[in-house]
There are 2 protein chains.
Amino acid sequence: MATKETKQRGRPRSFDRETALEQAVRSFWEQGYEATSISDLTRTMGISAPSLYAAFGDKQALFREVVAEYGRLHGGFLDRAVAEEPTARRGVERALREAAAEYTLPGRPRGCLVISAAQNTAPASAEVADSLRAMRLANIGGIESRIRADVASGALPADTDAHALAHYVGSVIQGMSQQARDGADRTTLEAIAALAMKVWPDAP
Amino acid sequence: MATKETKQRGRPRSFDRETALEQAVRSFWEQGYEATSISDLTRTMGISAPSLYAAFGDKQALFREVVAEYGRLHGGFLDRAVAEEPTARRGVERALREAAAEYTLPGRPRGCLVISAAQNTAPASAEVADSLRAMRLANIGGIESRIRADVASGALPADTDAHALAHYVGSVIQGMSQQARDGADRTTLEAIAALAMKVWPDAP
DNA sequence: GTTTTTCTGTAGCGAGCGATATATAAATAT
DNA sequence: ATATTTATATATCGCTCGCTACAGAAAAAC
């Protein structure tokens with residue numbers, strides 16, 4: 001393929017797309033999908049509505065980019081922890097510990113965008129709600145697979161209920177996100193995470 | 001005081017107020033505060049907008065009645081369990097078990113209205129969001145008090161972290177509500193509840 | 001230069017929002 | 001019967017929603 005590197009014709013964009021996208025992440029993260037209006041977005045992104053639509057498409061397309069950007073910058077710790085640690089236990093332990101920190105970092109919205117941004121949506125936003133729900137289910141499925149792998153390898157007892165344990169972890173993480181949104185501080189979330197790990201089965 | 005029992009003058013109401021309120025509970029429970037429009041309500045309640053406003057005041061006043069009715073009919077199990085059982089442990093154990101059942105009962109919305117109905121609200125609904133948040137915090141505070149009472153009476157070890165344990169329980173309950181909304185069945189929630197109780201400290 | 005392409009600013013679209021003015025209907029009070 | 005009171009039905013109100021038409025501005029292509 002030819003590496004085309006010709007200058008882009010026409011009037012250049014007067015704002016930084018990445019910066020604007022980050023502001024959109026913040027708005028959606030704070031207020032959720034439906035409660036964030038185009039008017040909110042144009043204000044926080046510092047651009048006009050036509051510029052927003054030209055650069056990002058409609059609200060739903062912008063939100064799709066926002067979710068991807070959120071995953072890249074903030075939400076990837078769960079996948080990373082589960083993938084990088086040598087056991088399910090250490091992966092989940094690390095993920096919970098990191099969640100306590102991530103969900104309460106000062107200077108940015110609290111909790112998890114994937115968990116909270118598309119709850120209570122009107123039927124018109126069902127597509128968005130379904131996509132985030134699918135991500136949550138995929139996350140729990142990933143934990144469950146990791147647990148099953150450890151059961152198979154003998155790192156976890158043979159009678160471990162992988163389905164229940166994975167959903168328990170998902171439940172705690174989602175609960176921690178809401179606690180963070182309700183004002184719980186990092187210390188409290190870390191205590192929750194530490195308590196939650198007491199459930200983990202001992203290695204056989 | 002005189003027991004006035006005179007007949008009410010004027011044209012009588014043509015709908016049953018309680019039945020209409022129950023339909024409003026269902027709508028708000030399903031879709032949340034903001035995503036439920038007056039148009040949704042008039043349709044599900046089977047009355048016209050002026051009748052709704054005459055009988056219940058504005059949307060926010062109706063929602064206040066809805067929350068009270070929800071607590072009376074569906075959401076009271078946590079308080080009851082903690083108040084009626086002889087120990088914090090048994091109270092929480094029962095509350096978690098009942099939550100698994102309540103949150104997945106067929107034929108009605110899933111999860112907990114207090115937990116889910118006012119997330120992701122626009123600034124205009126801050127008052128509603130704050131009131132439900134206050135109820136959540138009060139619920140956790142109630143659990144914490146019950147735990148402290150057991151620590152004082154010797155039913156729990158003296159070094160029990162009541163704050164952390166109460167927030168852990170709150171986290172699990174809120175996580176279970178979201179899991180229910182995401183489709184988890186009663187069996188899964190009961191397994192989560194059973195796992196969660198493994199954290200509970202042994203009696204000294 | 002002129003043309004072409006792309007972005008920006010203003011202004012406003014149709015639709016739905018929460019809420020209500022007005023007129024009529026249906027009950028009791030006198 | 002007539003007056004009074006309350007509820008309902010119709011038809012909106014002003015506002016914000018997501019979104020876009022249109023004209024002017026700013027760049028590269030020629």
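Chain naming here is simple, since letters A, B, ... match the order of the sequence lines and numbering starts at 1 in each. The analysis underlying the following values was restricted to heavy atoms, covering all of them including side chains, and did not include hydrogens, waters or symmetry mates.
Phosphate proximity of D:dC17 to A:Ser37: present, with a side-chain N or O under 4.0 Å from OP1 or OP2. At C:dC7, none of the side-chain N or O atoms of A:Ser14 fall inside 4.0 Å of OP1 or OP2 (strictly under the cut-off). Look at A:Ser51 and you'll find a side-chain N or O under 4.0 angstrom from OP1 or OP2 of C:dT8. Between D:dC19 and A:Tyr53, a contact under 4.0 Å exists linking OP1 or OP2 to a side-chain N or O.
Here D:dC13 presents its P atom at 19 Å from CD1 of B:Ile38, a figure rounded to the nearest Å. D:dC19 atom P lies 9 Å from atom CG of A:Leu52, rounded to whole Å. Atoms CG (A:Asp58) and P (D:dC19) sit 5 Å apart, rounded to a whole Å. In this structure, CZ of A:Phe15 is placed 13 Å from C1' of C:dG9, rounded to the nearest angstrom. Regarding B:Arg11, its CZ atom lies at a distance of 12 Å from the C1' atom of C:dA23, rounded to whole Å. When rounded to the nearest whole Å, the span between CD of A:Gln60 and P of D:dC17 equals 18 Å. Taking atom CZ on B:Phe63 and atom P on C:dA19, their separation rounds to 14 Å, with Å as the unit. Spacing between atom CD of B:Glu34 and atom P of D:dC17 amounts to 11 Å, rounded to whole angstrom units.
Residue A:Ala49 is classed as a base contact, given a heavy-atom separation below 4.0 Å to a base. Using a 4.0 Å heavy-atom distance criterion, A:Thr36 is classed as a sugar-phosphate-only contact. Using a 4.0 Å heavy-atom criterion, one finds that B:Pro12 contacts the sugar-phosphate atoms exclusively. No contact: B:Ala55 has no heavy atom under 4.0 Å from any strand.
Of all the heavy atoms in B:Met176 and B:Leu96, the pair that sits closest is CE-O, 3.6 Å. Nearest heavy atom pair, residue B:Asn120 against residue B:Glu34, reads O-OE1, 3.8 Å.
Side-chain atoms of A:Arg181 come within 3.5 Å of backbone N or O of A:Arg110 as a donor-acceptor pair.
Donor-acceptor pairing under 3.5 Å is lacking for the side chains of A:Thr36 and A:Ser27.
Both B:Ser48 and B:Gly10 sit near DNA chain D, but only B:Gly10 has its closest nucleotide nearer the 5' end.
Of the candidates C:dT20, C:dT5, C:dA27, C:dT5 carries the atom nearest the A:Arg9 side chain, counting heavy atoms from C-beta on. Of all nucleotides listed (C:dC17, D:dT10, D:dC17), D:dT10 comes nearest to the side chain of B:Pro50.
Taking the six-membered ring where tryptophan is involved, the planes of A:Phe63 and A:Phe28 are perpendicular, since the angle between them exceeds 60° and thus also 30°.
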